[in-house]
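Comments concern the structure below.
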Amino acid sequence: MPPRSDPDAASFQDNVLLVSALALMSLGLTMVFISSHVMAQSQYHDPYFFTKRQALYALAGLAAMFATRLIDYRRYQAIVYPVLFLSLVTLLLVFVPGIGTKVRGAARWLRLGPITLQPSEFAKLAVVLFMAYSLARKQDKMKYFSIGFMPHMVVTGIFIALIAKEPDFGTAMTLAALVFVMLLVGGVRLAYIMGAFFSVAGLATMMVLRDPKKFNRILSFLDPWKYGQDVGYQLKQSLLAIGSGGLFGLGPGQSRAKLFYLPDAHTDFILAIFSEELGFIGVLLILALFIILVYRGILLSLRAPDAFGSYLALGLTLLISLQAGINMGVVTGLFPTKGLSLPFLSYGGSSLMATLAAVGILLNISSQIKRPKIAPVQRPGIAAAK
Amino acid sequence: MSYIINKWVRLRIILVGLGLGLLLLMVGGRFFQLQVILGPELREQANREVQKLCPVLPVRGHILDRRGTELAISTRVYSVVAHPRKITDPARLSQELAPILGINPGELKSLLGSGETFVWVKRHLTPEKEEAFRTWQESKDKQTRAADGDGRRDEDWIYLLPEAKRYYPQQALAGHVLGFCNIDGKGLEGLEFQFEDELYGKPKKVQMMVDARGRCVVTEEKAWDPEVMGHNVVLTLDRTIQYIAEKELMRGVEKWKAAGGLVMAVRPQTGEILAMAQVPTMDPNRFAFYPEEVRRNRLLTHAMEPGSSFKIFVAAAALDAQAVRPTDQFHCENGVWHLTAKEVIHDVHSYGSLTVQGIIQKSSNIGAAKLANKVGSARLHDYLKAFGFGSRTGIQFPGENAGLLKNLRLARSPLDRATCAFGQGVSVTPLQLTMALAAMGNEGVLMEPRLVKRIENAKGETVEEFRPRPLRRVLSVSTARQMLAIMETVTQQGGTAVGAAPPGFTAAGKTGTAQKLVGRAYSHSKFNAVFIGMVPADNPVLAISVIVDEPKGAIYGGVVAAPIFKEVAAQALRVMGYYPPTPNVPVLASLLPAAAHAQSKPEIKETPSLAAAEGPLTIMPDLQGKTIRQVLDVLHRAGIRCRLEGSGLAVSQEPAPGTPINPGDICSVKFQSRL
């Protein structure tokens, strides 16, 4: 199908999706300032240190979003493998001393002159792209082990292993979950998925048991109050912050957890600060925005003009909302603590850019939905209202 | 290959969407549970974590002189404190901090590793060390924030704590009167000790928000909280008169190479102590460097024999008891009086007959002894007690000495009775001596000495006022006036202290030269030179006593102590607003012919221009390092207009130093603040 066969397509896009994404991004900018200024002042003598950077990232992200909005998503099919290879290389480069930078013992960043990139954020996009492409192409053969299951497991397995090696356990697990869900949707037999799931789970358990740091995290997750002074400190502080918020919150800027109590207050745990200041009402707003995103994304996935578009929309929606859901679960102590950022809200350039680029792709897909030709005479008003 | 997804895939996509929705709803439910159901409980717990009852250390009140000049103030300094129990790696910390704080690394390590809950690491940091410590903290913040953000670091358990430190801005001025405090701000000596309760302030506890490093969030308040400030103690001392007294005493002590000296100035009518000077002086900022003896306020802790100065009290007793009349003649035995076979009294010079006034003016021991005999030991003892000798004056000051006044009624030998008349065998404090003297200047009424005028709170409202308090009438008004007249002759021709009166005033006084007791015998080489006196003689506004300890070269009170009295009195009177009466219009000059009179006029005119010619600068001075005020001073006096830039200290100027300049020229000076 040629691109833009429908003359109306270029001007149509899912504005609800766009608005909720932009609203989340703006909230994120505000929250980064609110949650980081005390720490930024103390560490860098500039309360706007993180806010300024996040604003620049947001601009770059918006540019990326416009770019991907304009690129026909079908064109990605041609470059899936180069993109996959490129992101594999960047994931490997992370471990090369000199280019990769280690922060707090984790090699997650690439330093390119003045900017640092987090390749795993872009690798996630690449994996989604690959999965959508592959699922759409193999549709009927998905139930075969050697075609539908094994190749995906191997390719994504390499990525997940590399990301887990950084270590970025949270991102790896999220990506694994995403791959499983997509495979399931694509038609891989449940038995294979379950088998893989249990083997991965077994592997993960072994890793957790062998690594005392991760084991401690599980312990702290199980009882944050008991381990509140050491391993459970972050979770305990997060729960205290969230609880302090109550229904209406302490008021904007009134957070106390950001006074160095809560580590990573402006990155992974930004929602704790947010909920402390704006309360349950504020959390509902964030949840509503994410639910709108999920709803529009799923709708898009169902309406996409082709299978690639469907799987791509599903994958990108999963990428954003699964990570958001898991992050929220981590912050509230539902899941074990992991280094996982909250899309749109957490401080971090790569994450914000990747997320906004994903939104741009979704918008492009939405612009190409085959809609019935405008024929108000033929269609009754009831259908139009739907 | 653009297949459309089949209906099973569509179903699975919808299921995924529902699953995601469920996940978010579950999270929402968890938020509801945490925030709405458990919210109050968690907030309570967070409050406990975040809000700490911080003790606010009390801030000691100030000590001010009568004009409000600050003699002792509290300044903010920082101390390094630590919680060793929380510190896991004392070795590393002490390695890093020892050079910064200037402590022995070994000692620091054992301190930080002691396992105590709280220790002072270093009290009262100098500004440089404080800055170095803050820099260290910041560098640590940067390093560790990046490394591991979980929990608290060792570095958080060693931090700065603001404290109040006592500072005496006038340095040694009245140091022995003010006393000093220990490092915790507890008064140890002097007024600091006496008014400990008033000065100490009220420690309180404040609910404060604390950040995770245990630092209070509202950190740098500009001023002290008035609620924790102690009361201010306002003294009767006058900083200027105190300074004059110390300066003149120091000069006298140096001139006579004396061991030390004491000067005290009192207002006779109110008993207010205006100055209490002693040499050697003590700077309470560095009290630990001074020996115990120097730290004490010897004006009231040190009892000494008053020597001949005591004769005025014997004479006053004799006159007031009407045992003698002023005109009575006493034969002074030509300098040697054998009381018994063994007991002899000598005079320095031999005199024949003297009146009471003569005895005082010439300071005859024999005459004084005869006066004492006339009064009788019982009455004399009563009078001396009434003057306040032998008992504490009641001054609000710790460690006052009562002196020693033997009961003359029980004195075994006539010599004991007699020597008392010229100040041997009794010991008095300079304070007692001055107050008794002042009683004569206050129409015979003895006042209680007052060192503290009032106590005010931090806002300046008076809390307690100490009013002048008359103790008792010692002499009749007429006797007191008579004594003043007699004492005035001491400073006049034929007296022992000729010229002791400051120019333009009359003075009433008495000299004394007391042999010091060394062991149990009187020394023949060590003396106290004493002069006690009042100005003006007819209506004294100032009673001053001067004691010079072990002067070398001259020993007599009239030679050694009286000039100090004169200088102190002359300057102090001016400070108090008493100026010498304007000299009379020259009688002789007015008799001169008119021409000569006219001639003197241009001379008067010329004087200011001469003085002015000396003043202006002819070349540009070097202004480098001067403050704006100093620069303006110098330049304005020279009549140079100047343009100023910046603030702080002068760094450059135009024209350069040494350039010839004329009044009216313009120069520009640049200032730069050093920080």
Side-chain angles (χ1 to χ4, degrees), chain A residues 1 38-39 42-43 103-105 136-137 139 181 184-187 229-231 233-234 239-247 256-257 259-261 263-264 275 279-280 283-284 287 290-291 294-295 297-298 301-302 305-308 310-311 314 317-318 321-322 324-326 328-329 332-334, chain B residues 1-6 8-51 137-138 141-142 145-152 156 209-213 215 217:
Chain A
M1 192 182 288
V38 174
M39 201 258 277
S42 138
Q43 242 176 292
V103 179
R104 277 200 252 164
R137 211 181 45 168
Q139 259 187 340
V181 172
L184 209 56
V185 172
Q229 280 310 309
D230 34 71
V231 286
Y233 176 81
Q234 193 173 22
L239 293 181
L240 286 179
I242 294 167
S244 305
L247 188 57
R256 301 173 300 188
L259 302 172
F260 312 108
Y261 283 99
D264 303 324
S275 60
F280 185 59
V283 173
L284 283 186
L287 279 174
F290 274 112
I291 285 176
V294 169
Y295 173 69
I298 296 295
S301 164
L302 295 171
D306 54 13
F308 177 61
S310 282
Y311 287 123
L314 176 73
T317 307
L318 272 171
S321 53
L322 200 60
I326 292 176
M328 292 178 187
T332 53
L334 284 176
Chain B
M1 50 148 227
S2 50
Y3 308 98
I4 302 296
I5 46 175
N6 65 37
W8 292 109
V9 175
R10 297 182 88 86
L11 181 66
R12 288 196 287 260
I13 289 177
I14 290 170
L15 282 176
V16 167
L18 288 178
L20 282 175
L22 205 67
L23 173 66
L24 291 176
L25 278 182
M26 190 173 75
V27 168
R30 172 69 168 163
F31 269 104
F32 183 81
Q33 182 201 10
L34 284 176
Q35 299 202 278
V36 181
I37 299 171
L38 297 173
E41 193 186 313
L42 287 173
R43 188 184 288 196
E44 188 60 34
Q45 197 178 341
N47 286 348
R48 276 203 298 278
E49 191 118 332
V50 171
Q51 289 176 350
Q137 273 186 326
E138 275 164 24
D141 275 359
K142 273 190 190 157
R145 282 299 129 190
D148 187 22
D150 289 8
R152 290 192 179 184
D156 291 335
M209 213 194 279
V210 188
D211 72 17
R213 306 172 193 178
R215 300 176 200 156
V217 175

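Throughout, a chain's letter reflects where its sequence line sits, starting with A, and its residues are numbered from 1.
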Could you pull out the closest heavy-atom pair between [X] and [Y], with the gap in Å?
{"X": "Ser321(A)", "Y": "Leu20(B)", "answer": "OG-CD1, 3.1 Å"}
{"X": "Val294(A)", "Y": "Leu24(B)", "answer": "CG2-CD1, 4.0 Å"}
{"X": "Leu42(B)", "Y": "Ser244(A)", "answer": "O-OG, 4.3 Å"}

Under 4.5 Å from any heavy atom of chain B - which part of [X]:
{"X": "Leu239(A)", "result": "both"}
{"X": "Tyr311(A)", "result": "side chain"}
{"X": "Leu184(A)", "result": "backbone"}

Side chains of Met328(A) and Leu23(B) in contact at under 4.5 Å (non-hydrogen atoms):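 They are not in contact (no side-chain heavy atoms under 4.5 Å apart), so the answer is no.
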In a table with atom names and distances, give each donor-acceptor pair under 3.5 Å that connects a side chain of residues 31-39 of chain B to protein atoms at least two apart or in another chain.
{"unit_1": "Gln33(B)", "atom_1": "OE1", "unit_2": "Arg30(B)", "atom_2": "NH1", "d": "2.9"}
{"unit_1": "Gln35(B)", "atom_1": "OE1", "unit_2": "Phe280(A)", "atom_2": "N", "d": "3.2"}
{"unit_1": "Gln35(B)", "atom_1": "NE2", "unit_2": "Ile242(A)", "atom_2": "O", "d": "2.9"}
{"unit_1": "Gln35(B)", "atom_1": "NE2", "unit_2": "Ser275(A)", "atom_2": "O", "d": "3.0"}

Closest-packed option against chain B by number of heavy-atom pairs under 4.5 Å, given Leu284(A), Ile298(A), Leu302(A):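 The option with the most such pairs is Leu302(A).
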Interface residue of largest heavy-atom contact number with chain A, from Met26(B), Gln45(B), Glu44(B), under 4.5 Å: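 Result: the option with the highest number of such pairs is Gln45(B).
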Residue, of Val16(B), Leu25(B), Leu15(B), Leu11(B), that accumulates the most heavy atom pairs under 4.5 Å with chain A: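 Most pairs with chain A among the choices: Val16(B).
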Test log, rule side chain to side chain contact (heavy atoms under 4.5 Å, CB included), inputs Val283(A) and Val27(B): CA-CA 10 Å; Val283(A) 173; Val27(B) 168; over 6 Å; no
